[in-house]
K.L.:
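Input: one structure, supplied below.
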Amino acid sequence: MADMDAFRDEIARWAAGGAGDTAGDLAADLVRDLGLRTAVLLEGPSDLAAVQALAAREDRDLTAEGVAVVSMGGAMSVGRYAGLLGPPGLGLRLTGLCDAREEPFYDRGWQRAGAARDFHVCVADLEDEMIRALGPERVEEVIRSEDELRPWQTFLAQPAQHGRPRHQQLRRFLSTKKGRKIRYGALLVEALDGGRPPAPLADLFAGL
C-alpha cells in the first residue's frame, strides 16, 4: 500500500538526480495512488515536525486530504523541488513555508515552475515565530519539562549569551544540539495548548 514516506523517499531520490526517470515514474505512480493534489514545500525537518504536530493537534490527516508535506533539506533546493512537484513535473499545486532570508529562493523557484505565488514567510524562521507566539516563559517551561534545564543554564552562562534578549537566547539554544531543533519543532506546537499558531503556520493550514 502506498504511503507518504515512500513518496518523500522517491521525491528526494528524484531531486538528487538518482535513478533517472525511474524515480519520477515511481513518484507519479504514488501521486495517483495517494490521490495527491497539493505539495507543501518546507526548508527542513524541524518545519516538517511542526507541520505534522499541528496536523495531529487539529485532527487532520493531510495525506487523506491529498496533501504531501515535503522537507527539501534547505531552501536552495526549492527550484528543483518546485519544478518536479509543480506544473512542469507532477502537476501539484504548490504552497509552503520559508524563512524571511530565504524568500528570494522561493520566489525564483515558484516563478521558474510557472506556479502562482503561494507560500508563507516567517519573520526570521519558524522557531522565532513559535517563541514569540508562546512567549519566552512558556518556552522555558517546555525546556524544563524535557529535563533540559541544566543544558539551558549552562548555555546561558556562556559569555556570548550575556546581555542578549531571552528570545534570541532561546532561538539559539534550540540549534545547539543535533536533533533538538526537530524535537522542539513538534513540542512548541503542542505547547500552544489550543492557542492560535503563529500567522505563517496558521495561514498555511487555512489554505490546505
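No hydrogens, no waters, no symmetry mates; every other heavy atom, side chains included, goes into these values. The model shown is predicted, which means the values in this text are computed figures rather than measured ones.
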K.L.:
Could you walk me through whether Leu201 and Val51 pass the side-chain contact (heavy atoms from CB on, under 4.5 Å) test, one step at a time?
P.N.:
CA-CA 8 Å; Leu201 193 54; Val51 168; 4.0 Å; yes
K.L.:
Between side-chain atoms of residues 120-128 and protein atoms elsewhere (two or more places apart, or another chain), which donor-acceptor pairs fall under 3.5 Å?
P.N.:
from: Asp125; atom 1: OD1; to: Glu127; atom 2: N; distance (Å): 3.3
from: Asp125; atom 1: OD1; to: Asp128; atom 2: N; distance (Å): 2.8
from: Asp125; atom 1: OD1; to: Arg171; atom 2: NE; distance (Å): 3.2
from: Asp125; atom 1: OD2; to: Arg171; atom 2: NE; distance (Å): 3.0
from: Asp125; atom 1: OD2; to: Arg171; atom 2: NH2; distance (Å): 3.1
from: Glu127; atom 1: OE2; to: Ser46; atom 2: OG; distance (Å): 3.1
from: Asp128; atom 1: OD1; to: His167; atom 2: NE2; distance (Å): 2.6
from: Asp128; atom 1: OD2; to: Arg132; atom 2: NE; distance (Å): 3.2
from: Asp128; atom 1: OD2; to: Arg132; atom 2: NH2; distance (Å): 3.3

K.L.:
Going by heavy atoms in the side chains, are Val70 and Leu48 under 4.5 Å from each other?
P.N.:
no
K.L.:
Measure from the side-chain N and O atoms of Thr154 to the backbone N and O of Arg150, and report whether any donor-acceptor pair falls under 3.5 Å.
P.N.:
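Yes: the side chain of Thr154 pairs with the backbone of Arg150.
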K.L.:
Using modelled atom types only, decide if a donor and an acceptor are shared between the side chain of Tyr106 and the backbone of Leu41 within a distance under 3.5 Å.
P.N.:
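Yes; at least one donor-acceptor contact below 3.5 Å.
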K.L.:
Which atoms form the tightest heavy-atom contact between Asp118 and Trp110, and what is the distance?
P.N.:
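Smallest interatomic distance, heavy atoms only, reads N-NE1, 3.5 Å.
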K.L.:
Looking at every non-hydrogen atom in both residues, tell me the closest pair between Arg37 and Leu208 and how far apart they are.
P.N.:
NH2-C, 4.0 Å
K.L.:
Only pairs at least two apart or in different chains count here, so list each ring pair (Phe, Tyr, Trp, His ring centres under 6.0 Å) that has a residue in residues 27-84.
P.N.:
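Applying ring pair (Phe, Tyr, Trp, His ring centres under 6.0 Å) to every pair that reaches into residues 27-84, excluding sequence neighbours, yields nothing.
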K.L.:
Rounded to the nearest 0.5 Å, what separation is found between the CG atom of Leu134 and the CD atom of Glu129?
P.N.:
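It comes to 11.5 Å.
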K.L.:
Where do Ala202 and Pro197 come nearest, in terms of heavy atoms and distance?
P.N.:
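So the two residues come closest at CB-O, 3.9 Å.
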K.L.:
Just by distance, no angles: are the side chains of Arg166 and Gln169 close enough, under 3.5 Å, to form a donor-acceptor pair?
P.N.:
yes
K.L.:
Tell me yes or no: between the side chains of Arg164 and Gln161, is some donor less than 3.5 Å from an acceptor?
P.N.:
yes
K.L.:
A side-chain contact here means heavy atoms from C-beta on lying under 4.5 Å apart; do Leu84 and Leu90 qualify?
P.N.:
no
K.L.:
Roughly how far, to the nearest 0.5 Å, is CD1 of Ile11 from CE of Met72?
P.N.:
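Here the rounded value is 12.5 Å.
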K.L.:
Which residue pairs pass the side chain to side chain donor-acceptor pair (under 3.5 Å) test with at least one member in residues 53-72, sequence neighbours excluded?
P.N.:
Arg60-Glu65
K.L.:
With side chains defined as the heavy atoms from C-beta onward, is the minimum distance between Gln158 and Leu156 less than 4.5 Å?
P.N.:
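Gln158 does not reach Leu156 side chain to side chain.
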K.L.:
Run the side chain to side chain donor-acceptor pair (under 3.5 Å) test against Glu103 and tell me which residues pass, sequence neighbours left out.
P.N.:
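Residues passing side chain to side chain donor-acceptor pair (under 3.5 Å) with Glu103: Arg117.
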K.L.:
Are side-chain heavy atoms of Leu204 and Leu54 found at a separation under 4.5 Å?
P.N.:
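Leu204 does not reach Leu54 side chain to side chain.
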K.L.:
If you compare all heavy atoms of Leu36 against all heavy atoms of Met4, which two are closest, and at what distance to 0.1 Å?
P.N.:
CD2-CE, 3.7 Å
K.L.:
Of the non-hydrogen atoms in Pro88 and Ala82, which two are nearest, and what is the gap between them?
P.N.:
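Here Pro88 and Ala82 meet closest at CD-O, 4.3 Å.
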K.L.:
Can you confirm whether Val78 sits close enough to Phe119 that some side-chain heavy atom of one is under 4.5 Å from a side-chain heavy atom of the other?
P.N.:
no
K.L.:
Measure from the side-chain N and O atoms of Asp99 to the backbone N and O of Glu102, and report whether any donor-acceptor pair falls under 3.5 Å.
P.N.:
no
K.L.:
Can you measure from CE (Met76) to CD (Glu43) and round to the nearest 0.5 angstrom?
P.N.:
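Between atom CE of Met76 and atom CD of Glu43 there are 11.5 Å.
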K.L.:
Atom CG of Leu85 and atom CZ of Arg80: how far apart are they, to the nearest 0.5 Å?
P.N.:
10.5 Å
K.L.:
Cut-off 3.5 Å, no hydrogens considered: what does the side-chain donor-acceptor table look like for residues 180-192, sequence neighbours left out?
P.N.:
from: Arg180; atom 1: NE; to: Glu148; atom 2: OE1; distance (Å): 3.3
from: Arg180; atom 1: NE; to: Glu148; atom 2: OE2; distance (Å): 3.4
from: Arg180; atom 1: NH1; to: Phe173; atom 2: O; distance (Å): 3.2
from: Arg180; atom 1: NH1; to: Thr176; atom 2: OG1; distance (Å): 2.6
from: Arg180; atom 1: NH2; to: Glu148; atom 2: OE2; distance (Å): 2.9
from: Arg183; atom 1: NH1; to: Glu146; atom 2: OE1; distance (Å): 2.8
from: Arg183; atom 1: NH2; to: Glu148; atom 2: OE1; distance (Å): 3.4
from: Arg183; atom 1: NH2; to: Glu148; atom 2: OE2; distance (Å): 3.4
from: Tyr184; atom 1: OH; to: Glu148; atom 2: OE1; distance (Å): 2.7

K.L.:
Is there a path from Leu42 to Val67 through hydrophobic residues (I, L, V, M, F, W, Y) whose side chains come within less than 4.5 Å of each other?
P.N.:
yes
K.L.:
Taking C-beta and beyond as the side chain, do Arg13 and Leu26 meet within less than 4.5 Å on heavy atoms?
P.N.:
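Heavy-atom side-chain distance check passes, below 4.5 Å.
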K.L.:
Grouping I, L, V, M, F, W and Y whenever their side-chain heavy atoms are under 4.5 Å apart, do Leu94 and Leu97 come out in a common cluster?
P.N.:
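Different clusters.
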K.L.:
If we only count heavy atoms from C-beta on, is the Phe7 to Asp33 side-chain gap below 4.5 Å?
P.N.:
no
K.L.:
Holding to side chain to side chain donor-acceptor pair (under 3.5 Å), I want the full list of residues that pass it with Glu141, two or more places apart in sequence or in another chain.
P.N.:
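For Glu141 the side chain to side chain donor-acceptor pair (under 3.5 Å) partners, ignoring immediate neighbours, are Arg138.
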K.L.:
With a 4.5 Å cut-off on side-chain heavy atoms, are Leu92 and Thr38 touching?
P.N.:
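In short, these two side chains do not touch, never coming nearer than 4.5 Å.
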